[in-house]
Amino acid sequence: MKTKDLIAKGVSLPVMEAFYTIQGEGRFTGHPAYFIRLGGCDVGCVWCDVKESWEAGKWPVLSIDEIVEEVEKYPGKLVVITGGEPLMYDLGPLTALLKKKGFSTNIETSGAHPFSGNFDWVCFSPKKFKAPHPSIYDHADELKVVIFHASDFDFAENHALKVKASCELRLQPEWSKAEKFTPLIINYSKSHPNWKISLQTHKFMDIP
Ligand code: SF4
């Protein structure tokens with residue numbers, strides 16, 4: 001079968017990098033986790049800190065067996081699938097294999113493509129640059145909005161209206177604007193206590 005057909009079936013995927021580290025953001029901050037960063041993204045955030053991920057064709061295509069073989073070399077049981085934009089691919093086969101092997105599966109996504117896969121935790125981080133696909137809203141366990149501009153607070157509230165009631169709400173300062181927006185986020189959270197704060201703690205710890 002041709003590589004593009006294997007990718008379309010989700011049994012092979014372009015992997016930009018994969019590494020064992022500590023989850024730095026959101027609900028699972030501080031948890032040891034194996035990150036699988038898939039190549040390819042068509043969202044185009046101006047402040048993206050992984051722009052090299054955008055072009056999927058640059059990255060090696062691995063079978064899901066090869067990907068999971070690497071995961072099994074580490075003691076952690078939490079796997080985070082990120083990108084790029086991981087929902088550009090059918091994540092059903094990869095997450096099924098991870099679950100079969102006893103791993104917990106988390107995803108970090110902008111929701112810009114139809115939802116797929118079997119996840120224990122879905123971190124939905126919508127971006128202004130490409131509207132989310134409607135399928136994400138029922139799956140999101142966490143809504144994490146990056147604050148880069150003052151208008152992002154309204155953007156966050158608009159998305160909070162669409163997610164399920166149990167979805168956890170977080171605001172996270174964009175790294176380069178953290179000095180300006182962290183005090184505003186603190187005040188916002190204090191006056192809108194349904195919102196918690198997420199920080200990119202891995203950047204403070206200087207880990208990937
Ligand atoms: S969705 Fe993520 S990978 Fe894609 S451009 Fe935005 S920040 Fe970068």
Side-chain angles (χ1 to χ4, degrees), residues 7 10 13-19 21 23-29 33-62 67 79-91 94 105-117 119 121-137 139-149 151-156 158-160 162-163 167 169-178 180-182 185 197-204 207-208:
I7 293 174
L13 296 165
V15 178
M16 175 181 159
E17 57 181 352
F19 51 94
T21 185
Q23 168 60 290
E25 308 178 2
R27 173 73 156 71
F28 284 82
T29 297
Y34 187 89
F35 274 67
I36 300 169
R37 186 184 301 287
L38 299 180
C41 185
D42 58 359
V43 177
C45 305
V46 289
W47 42 260
C48 178
D49 57 3
V50 279
K51 287 189 170 131
E52 64 277 22
S53 72
W54 292 5
E55 204 184 316
K58 280 200 329 207
W59 305 109
V61 175
L62 305 179
I67 295 171
V79 175
V80 179
I81 301 178
T82 185
E85 175 39 67
L87 286 179
M88 288 178 77
Y89 307 101
D90 178 357
L91 299 176
L94 175 58
T105 52
N106 290 13
I107 185 170
E108 305 265 342
T109 176
S110 71
H113 289 266
F115 189 82
S116 64
F119 288 98
W121 191 259
V122 174
C123 177
F124 167 42
S125 185
K127 305 294 182 327
K128 282 178 171 169
F129 310 92
K130 187 172 164 82
H133 186 273
S135 57
I136 189 69
Y137 293 103
H139 291 282
D141 297 301
E142 174 179 23
L143 171 65
K144 186 177 72 187
V145 178
V146 175
I147 302 293
F148 178 76
H149 188 271
S151 64
D152 292 333
F153 290 101
D154 282 346
F155 177 76
N158 287 337
H159 284 286
K162 298 181 189 169
V163 292
C167 183
L169 307 179
R170 288 193 172 79
L171 299 171
Q172 178 172 296
E174 195 276 326
W175 182 251
S176 70
K177 303 268 181 167
K180 177 176 177 185
F181 282 113
T182 302
I185 293 172
I197 298 174
S198 171
L199 296 175
Q200 292 184 295
T201 60
H202 52 296
K203 296 200 175 177
F204 294 102
I207 55 174

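Read the numbers this way: they start at 1 and go in the same order the structure lists the ligands and their atoms.
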Exercise for review: Check whether the side chains of Y137 and H159 place a donor and an acceptor atom closer than 3.5 Å, and report yes or no.
Suggested key: yes
Practice item. On the 0 to 90° scale, with breaks at 30° and 60°, tag the F129-W47 ring pair as parallel, tilted or perpendicular. Key: perpendicular
**Study point:** Numbered atoms of ligand 1 (with element) below 4.0 Å of G84, judged on heavy atoms
**Key:** 3 (S)
Check your understanding: So, does K177 use its side chain to make a donor-acceptor pair with the main chain of W175 at under 3.5 Å?
Key -> no
**Study point:** Lys/Arg-Asp/Glu bridge criterion (N-O < 4.0 Å) met for K130, D42
**Key:** yes
Review point. Got the closest protein heavy atom to atom 4 (Fe) of ligand 1, with its distance?
Key: C41 SG, 2.3 Å
Review point. Is it the side chain, the backbone, both or neither of F129 that has a heavy atom closer than 4.0 Å to ligand 1?
Key: neither
Study note, to complete from the structure: If we number the atoms of ligand 1 from 1 as shown, the ones under 4.0 Å from a heavy atom of G44 are 5 (S)
Review point. Which residue holds the protein heavy atom closest to atom 8 (Fe) of ligand 1, what is that atom called, and what is the gap in Å?
Key: C48 SG, 2.3 Å
Practice item. Kindly indicate whether the side chain of F124, heavy atoms from C-beta on, has any atom under 4.5 Å from the side chain of H139. Key: no
Review point. For ligand 1, does C45 get within less than 4.0 Å through its side chain, its backbone, both, or neither, judged by non-hydrogen atoms?
Key: both
Check your understanding: Are E25 and R170 ion-paired here, with the side-chain N under 4.0 Å from a carboxylate O?
Key -> no
Check your understanding: What atoms of ligand 1 come closer than 4.0 angstrom to any heavy atom of W54?
Key -> 5 (S), 8 (Fe)
